[in-house]
Amino acid sequence: MVASKKINYEETRLLRLEENKKRMAELNLTVLAQSLRTTTTPKPSPMKKVNRGPRKPVDLSTVRRSSRVADKPPQVYKEVLHDGGVKKWASNQPPCLRTLLFFTCFCKILKSINNSIIPLRMEPVEPLGRRRSYGGNRVRDLSGRVYASDEDREYASGRADELHSTLEPGFPSFVKPMLQSHVSGGFWLGLPVYFCKQNLPKRDEMLTLVDEDGDEWQAKYLPRKTGLSGGWKGFAEAHKLADGDALVFQLIKWDTFKVYIIRVNQAEDSNDA
């Protein structure tokens with residue numbers, strides 16, 4: 001069975017070869033293949049030929065010049081006396097050497113000018129580590145500060161609360177205990193935020209502070225910081241406010257405060273009595 005299969009395969013292969021040869025003969029493929037073999041490489045086009053003549057020798061004796069000065073006569077350098085000596089410049093000097101000589105002369109001129117300048121006197125530099133003071137030699141004296149005790153603060157705040165409860169409810173009011181920053185140093189008085197948003201102007205205004213004797217003082221109110229700045233120092237110094245004092249502010253007008261002062265040292269007087 002195996003031998004018969006091999007014989008059938010060979011017979012079919014030979015039949016296919018014969019059929020392919022006939023088809024190639026019908027299509028003239030054999031003739032075309034022979035014609036391609038016999039054809040030679042194409043000749044170059046005559047338009048691509050360039051007739052190059054012999055190169056002209058370059059004259060190295062002449063110096064190359066720019067087209068801008070080609071029509072001008074060449075520059076000729078003569079002997080120049082300088083510092084008692086003679087410097088001879090060649091007429092056909094290269095540009096690179098000419099630039100180098102110009103730079104050398106320029107450096108000599110700068111050196112002579114530098115030697116003729118009188119050196120400036122330099123002031124000694126302040127050593128690092130020291131902080132510069134922009135307020136002069138004035139130093140804040142903190143030795144005279146007196147701090148109130150907690151008991152005295154509570155006593156003054158309690159009396160201020162009692163006074164605050166007796167005021168007319170139709171006029172907004174609040175109690176403000178005094179600290180060292182309110183009565184010394186920065187002299188800045190911060191007011192309650194809720195009170196400022198509900199009762200005071202929305203822009204910078206000058207407010208009037210009226211004490212118990214009817215004397216008036218002007219102070220600058222800053223709504224963005226909700227506090228009194230300029231003018232508050234004069235009020236605090238005039239009334240000799242101290243740490244621990246309690247103030248009652250009553251808004252009697254939109255720009256006027258009635259101020260009641262409860263002294264912290266009144267607690268000592270009541271204890272002595």
Side-chain angles (χ1 to χ4, degrees), residues 131-270:
R131 187 175 181 181
R132 181 177 294 180
S133 176
Y134 294 93
N137 296 325
R138 183 177 58 186
V139 179
R140 185 183 299 172
D141 186 11
L142 304 179
S143 60
R145 283 187 171 182
V146 178
Y147 293 88
S149 63
D150 295 338
E151 295 178 357
D152 294 341
R153 289 178 187 275
E154 291 178 1
Y155 178 81
S157 298
R159 291 195 58 189
D161 292 335
E162 292 177 1
L163 177 60
H164 179 251
S165 62
T166 60
L167 298 178
E168 297 182 13
F171 298 96
S173 58
F174 62 90
V175 178
K176 184 67 178 179
M178 293 293 100
L179 302 176
Q180 286 290 350
S181 60
H182 300 153
V183 298
S184 63
F187 288 97
W188 164 261
L189 181 64
L191 304 180
V193 178
Y194 72 92
F195 186 90
C196 297
K197 291 184 177 180
Q198 294 177 3
N199 304 288
L200 295 183
K202 304 300 181 183
R203 59 182 180 180
D204 297 358
E205 292 286 351
M206 294 299 297
L207 301 183
T208 303
L209 304 179
V210 183
D211 59 9
E212 299 178 34
D213 297 331
D215 297 331
E216 297 182 356
W217 302 82
Q218 299 292 323
K220 184 64 173 291
Y221 169 68
L222 304 177
R224 289 178 295 179
K225 297 183 178 181
T226 63
L228 300 179
S229 179
W232 168 251
K233 178 181 179 181
F235 182 89
E237 291 181 344
H239 294 83
K240 297 181 181 180
L241 298 180
D243 179 51
D245 291 346
L247 274 61
V248 181
F249 288 83
Q250 184 182 23
L251 188 65
I252 57 178
K253 293 182 182 179
W254 70 272
D255 60 346
T256 304
F257 274 112
K258 181 73 174 181
V259 183
Y260 302 91
I261 302 174
I262 306 299
R263 302 288 180 178
V264 68
N265 51 17
Q266 291 178 359
E268 299 177 359
D269 298 339
S270 61

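Bear in mind that the values here come from a model prediction, so they are computed numbers and not experimental data. Note: hydrogens, waters and symmetry copies are ignored here, and every other heavy atom, side chains too, is used.
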So salt bridge (charged side-chain N to carboxylate O under 4.0 Å, His left out) across residues 162-185, not counting sequence neighbours, yields none
Separation between OH (Tyr221) and CG (Leu191), nearest 0.5 Å, reads 7.0 Å
Gly244 and Ala156 have their tightest heavy-atom pair at O-CB, 3.6 Å
Applying side-chain hydrogen bond (donor to acceptor under 3.5 Å, both in side chains) to Glu237 and not counting sequence neighbours gives none
- Got a donor-acceptor contact below 3.5 angstrom from the Lys202 side chain to the Lys197 backbone? yes
Sequence neighbours excluded, the answer for salt bridge (Lys or Arg N to Asp or Glu O under 4.0 Å) partners of Glu154 is none
Residues at least two apart in sequence or cross-chain that pass salt bridge (Lys or Arg N to Asp or Glu O under 4.0 Å) with Arg224, listed by chain then number, are none
- Report yes if some heavy atom in the side chain of Arg263 is under 4.5 Å from a heavy atom in the side chain of His239; otherwise report no. yes
In short, Pro192 meets Phe174 closest at the heavy-atom pair CD-CE1, 3.6 Å
Heavy-atom nearest pair, Asp243 first then Met178, reads OD1-O, 3.4 Å
Residues passing the side-chain hydrogen bond (donor to acceptor under 3.5 Å, both in side chains) test with Thr226, sequence neighbours excluded, are none
Does His164 use its side chain to pair, donor to acceptor, with the backbone of Val248 at less than 3.5 Å? no
For Met206 and Lys220 the tightest heavy-atom approach is SD-CD, 3.3 Å
Heavy-atom nearest pair, Asp204 first then Pro223, reads OD1-CD, 2.9 Å
*Donor-acceptor pair, side chain of Trp232 and main chain of His182, under 3.5 angstrom*: yes
Item to check | Test item: Asp245 side-chain N/O and Val264 main-chain N/O as donor-acceptor pair under 3.5 Å | outcome: yes
Show me the donor-acceptor pairs, under 3.5 Å and distance only, between side chains in residues 253-262 and residues at least two apart or in other chains.
{"from": "Lys258", "atom 1": "NZ", "to": "Asp211", "atom 2": "O", "distance (Å)": "3.0"}

